[in-house]
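What follows is a set of notes on a single structure, which appears directly below.
Just so it is clear, the model here is predicted, and its values are computed rather than measured.
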Amino acid sequence: MINREQLQMCTLPELLNRSVIKFGERRCQWFKVAPGSTETASLTYAEVGMKVRDLAAGLLSLGIKKQDRAAIMAYNCPQWLWSDFAILGSGAVTVTIYPSFSVREMSYIVNNSGSRFIFVKDQTGVEKVHSALSEMTTLEKVIVMEDHCPLPDHPAFIHLSQLQQMGRVYMHKNPYCYEKACDEIKIWDMASIIYTSGTTGDPKGAVHTHSSFMYATNADNNMWTRNDCMLGEYDVLLSFLPLSHTYERQCGQMQSVCLGETIAYAESPQTVVGDLQLFKPSWFCSVPRIFERIYMALRDAASATPEGKAAFEKAMDIGIRAVDYVSDEEGFIDMGLDVNMVDLLPDELKAEYQWADQAVFSKARYILGPNYKMAFSASAGLPPSLCKSLMAMGVRVCEGYGLTETMNAVNFSNLKAVLPGSMGPTNYYAEEKIAEDGELLVRGPMLFQGYFNNPQATAEAFDEDGFFHTGDIAVTVHNSKLGVDYYKIIDRKKSIMVLDTGKNVPRAKVEGKFSTARYVEQICAVADERKYVGAIVVPKFEVVIPLLKAKGVAFDESKIVSVGEGMAKIIVQVGDDLAGSPELRVLIDEDIAEANIELENYESIKKYIISNRRFLEPLEEVTPTLKLKSRVILKNFAAQVEEMYK
């Protein structure tokens with residue numbers, strides 16, 4: 001039965017306040033008591049509501065005024081939500097800063113936004129702010145979330161618990177100060193400034209209102225309804241993408257608060273597979289890079305032995321044939337929650353698929369947990385091959401398309417008609433059209449108001465009819481049964497590579513072929529003004545090192561550099577002797593050859609170099625949402641690339 005009670009237009013503080021009353025005793029937040037622990041704790045909506053009131057009043061006691069700016073620079077944690085809604089509830093504007101940003105980027109955002117306050121989580125954040133405090137002239141207070149974190153000997157630094165206590169005292173002396181502040185907020189007021197992690201120049205601050213947040217949240221709710229998947233107070237979201245981005249914050253946090261769900265906080269993106277087992281979520285927001293990791297975990301779990309590997313490959317062949325069989329004549333596939341694929345198959349294929357599901361797919365799905373319904377994929381296109389592989393396993397993924405400027409999804413897939421490689425049709429509150437040069441243009445009430453303190457960039461972003469230029473090249477595919485157009489994103493306009501022959505090569509198409517590669521972790525294609533396509537390849541060090549050891553390949557293990565602990569530990573660099581070994585190149589050759597089969601001859605990779613290190617976020621080669629910054633990578637590897645083309 002369709003429930004439309006969750007559809008509402010209000011300010012974001014009103015959204016939380018209504019849920020605090022409606023779902024007071026229900027669990028709101030669920031989290032580990034310490035990194036690496038399996039022990040958890042939780043807070044109810046009523047408890048979270050009280051914390052937010054105290055903190056908002058604390059900000060009011062410090063003199064925060066309506067539409068002042070306050071920043072948050074922290075990884076996902078319960079305190080992120082408290083801080084966000086405290087800022088919003090005081091009538092101010094939340095400015096988000098990725099905690100991985102450099103001191104220079106942080107300082108730029110604080111100064112550009114004129115932020116008076118900043119919330120940080122731990123010692124790393126404290127040190128980063130303290131090192132540049134004199135350069136951020138508008139900053140008055142630094143609020144530290146972790147009570148056990150030592151503070152510098154400077155009056156600007158206080159703990160979150162101190163702010164909370166200040167708020168309790170202030171509310172006692174100023175009754176209803178929180179309610180009065182909330183009551184003065186209008187839906188057209190600024191709610192947040194979200195700075196884009198662009199590949200060139202300084203980041204631009206997209207200004208969003210309470211209205212644009214709520215239009216996007218209502219679009220999400222309509223999507224759930226369309227997919228016959230009503231979520232509610234008994235469902236659990238696993239939160240692991242950065243809350244500093246609109247995707248996790250609106251689609252995840254705001255959507256969950258609207259519906260009275262539980263938000264479970266993963267320890268980090270690297271621990272997602274283990275956290276799925278611990279929290280057993282109903283759904284989560286993700287990006288293709290995370291789905292690749294999940295697919296690899298599913299594959300590796302099933303392929304632990306030679307017999308298991310053979311069974312997995314056989315099962316995947318059967319699964320892909322089953323997906324192809326149930327596809328309609330236009331390539332659309334019904335993956336609705338009420339559909340069991342096996343019921344749609346002919347007897348012989350049905351028997352094969354039942355074996356594959358029992359022997360492999362059911363075990364793979366176990367990793368996602370018993371409560372898994374579906375997940376979102378956005379931020380970049382989910383490669384069609386990966387989409388079909390997940391569907392073959394019975395894993396439902398709803399792909400969407402949007403940008404920071406559009407407050408996320410202006411397109412959603414319909415689970416009843418999934419087209420692999422497509423972002424789905426336009427949502428109910430948006431308009432889309434394709435310009436003569438192929439660029440996708442968007443108009444609607446979820447769009448940003450402009451770039452903060454940047455009128456020139458704002459003017460350049462819109463046409464005279466109010467359509468926003470997304471910078472993405474798109475095509476449409478018509479669904480005759482539904483009577484709607486589905487959109488496919490080909491690539492960013494600036495990411496189309498042009499060979500010296502004039503041939504256009506979409507970067508996303510080439511790099512997307514490695515989404516399920518066995519030995520390639522990251523790849524950056526090279527083609528602009530070149531005779532052929534080349535690539536910079538980062539191997540899956542955790543996979544190839546044991547294989548090379550088993551083959552007796554000698555290399556200097558002291559050169560291996562790892563970061564993180566436990567499940568989050570990854571190898572980021574190896575020695576040149578390992579990266580240059582002929583045995584490693586044989587493995588990489590396999591993945592390159594397999595990808596080239598699916599590419600046109602002029603798109604295929606003719607030469608490549610193997611990097612001895614990962615592309616890294618601290619070097620600004622990767623965005624916080626795990627997208628590669630090709631221009632930075634090509635600049636950093638310029639000498640090696642020139643040598644490759646000699």
Side-chain angles (χ1 to χ4, degrees), residues 196-204 288-289 380-381 383 403 421 434-440 457 460-461 469-475 488-515 517 520-539 579-580 585 588-589 591-617 619-623 626-646:
T196 59
S197 54
T199 57
T200 58
D202 288 319
K204 294 177 291 187
R289 196 76 189 92
L403 302 166
I434 296 176
E436 290 184 5
D437 64 355
E439 183 180 8
L440 181 63
E460 293 170 352
H469 287 257
T470 65
D472 287 314
I473 300 297
V475 296
K488 284 187 174 185
I489 303 300
I490 304 303
D491 210 339
R492 296 289 292 169
K493 278 179 75 172
K494 296 178 181 179
S495 293
I496 299 290
M497 303 179 292
V498 184
L499 294 167
D500 66 4
T501 61
K503 288 277 192 180
N504 288 348
V505 180
R507 175 180 297 280
K509 181 180 179 182
V510 176
E511 296 174 356
K513 298 302 178 186
F514 294 86
S515 60
V520 174
E521 178 72 27
Q522 298 167 307
I523 186 165
C524 180
V526 188
D528 278 317
E529 300 180 8
R530 305 288 186 177
K531 293 184 183 298
Y532 53 83
V533 178
I536 307 164
V537 173
V538 177
R585 185 162 286 269
I588 302 299
D589 279 344
D591 282 346
I592 297 288
E594 190 170 329
N596 281 344
I597 292 172
E598 299 182 25
L599 296 168
E600 300 296 330
N601 183 56
Y602 68 89
E603 298 171 329
S604 63
I605 296 170
K606 304 297 192 298
K607 285 188 178 182
Y608 64 90
I609 54 177
I610 298 177
S611 171
N612 72 336
R613 67 167 179 82
R614 293 172 65 95
F615 303 141
L616 300 170
E617 193 177 335
L619 297 178
E620 300 185 16
E621 295 169 338
V622 182
T623 72
L626 306 180
K627 289 184 282 190
L628 299 186
K629 294 185 176 183
S630 57
R631 293 185 185 185
V632 178
I633 294 168
L634 294 177
K635 178 182 177 182
N636 291 349
F637 286 82
Q640 296 95 313
V641 169
E642 289 304 321
E643 185 66 27
M644 176 176 67
Y645 278 101
K646 278 186 180 179

To the nearest 0.5 Å, what is the distance between [atom1] on [X] and [atom2] on [Y]?
X	Y	atom1	atom2	answer
Ser495	Arg631	OG	CZ	7.5 Å
Arg507	Lys509	CZ	NZ	15.0 Å
Ile588	Ile605	CD1	CD1	11.0 Å
Gln640	Leu634	CD	CG	11.0 Å
Arg613	Phe637	CZ	CZ	4.0 Å
Ile473	Asp437	CD1	CG	5.5 Å

Using modelled atom types and a 3.5 Å cut-off, is there a donor and acceptor pairing between side-chain atoms of [X] and backbone atoms of [Y]?
X	Y	value
Asp528	Val498	yes
Asp591	Ala517	no
Glu511	Ala525	yes

If I compare all heavy atoms of [X] with all of [Y], which pair ends up nearest, and what's the gap?
X	Y	value
Asp491	Pro506	OD2-C, 3.4 Å
Ser611	Pro539	O-CD, 3.6 Å
Lys629	Thr623	CE-CG2, 3.7 Å
Gly534	Met644	CA-CE, 4.0 Å
Phe615	Val622	O-CG2, 3.4 Å
Ile434	Ala474	CD1-O, 3.5 Å

Trace of the side-chain contact (heavy atoms from CB on, under 4.5 Å) decision for Val526 with Tyr645: CA-CA 10 Å; Val526 188; Tyr645 278 101; 3.9 Å; yes
Criterion side-chain contact (heavy atoms from CB on, under 4.5 Å) on Arg530 and Val641, from CA distance to verdict: CA-CA 11 Å; Arg530 305 288 186 177; Val641 169; 3.7 Å; yes
Lys NZ or Arg CZ of Lys606 over Tyr532 ring: under 6.0 Å, within 45°: no
Heavy atoms from other residues, nucleotides or ligands near CD of Glu439 exceed 12 (cutoff 6.0 Å): yes
Set of residues satisfying side chain to side chain contact (heavy atoms under 4.5 Å, CB included) with respect to Asp500, sequence neighbours excluded: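 Partners of Asp500 by the side chain to side chain contact (heavy atoms under 4.5 Å, CB included) criterion, ordered by chain and then number, come out as Lys531.
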Audit row: Lys513, Ile592, side-chain contact (heavy atoms from CB on, under 4.5 Å) steps and yes/no: CA-CA 9 Å; Lys513 298 302 178 186; Ile592 297 288; over 6 Å; no
Partner residues of Tyr608 under the ring-ring contact (aromatic ring centres under 6.0 Å, His included) criterion, sequence neighbours left out: none
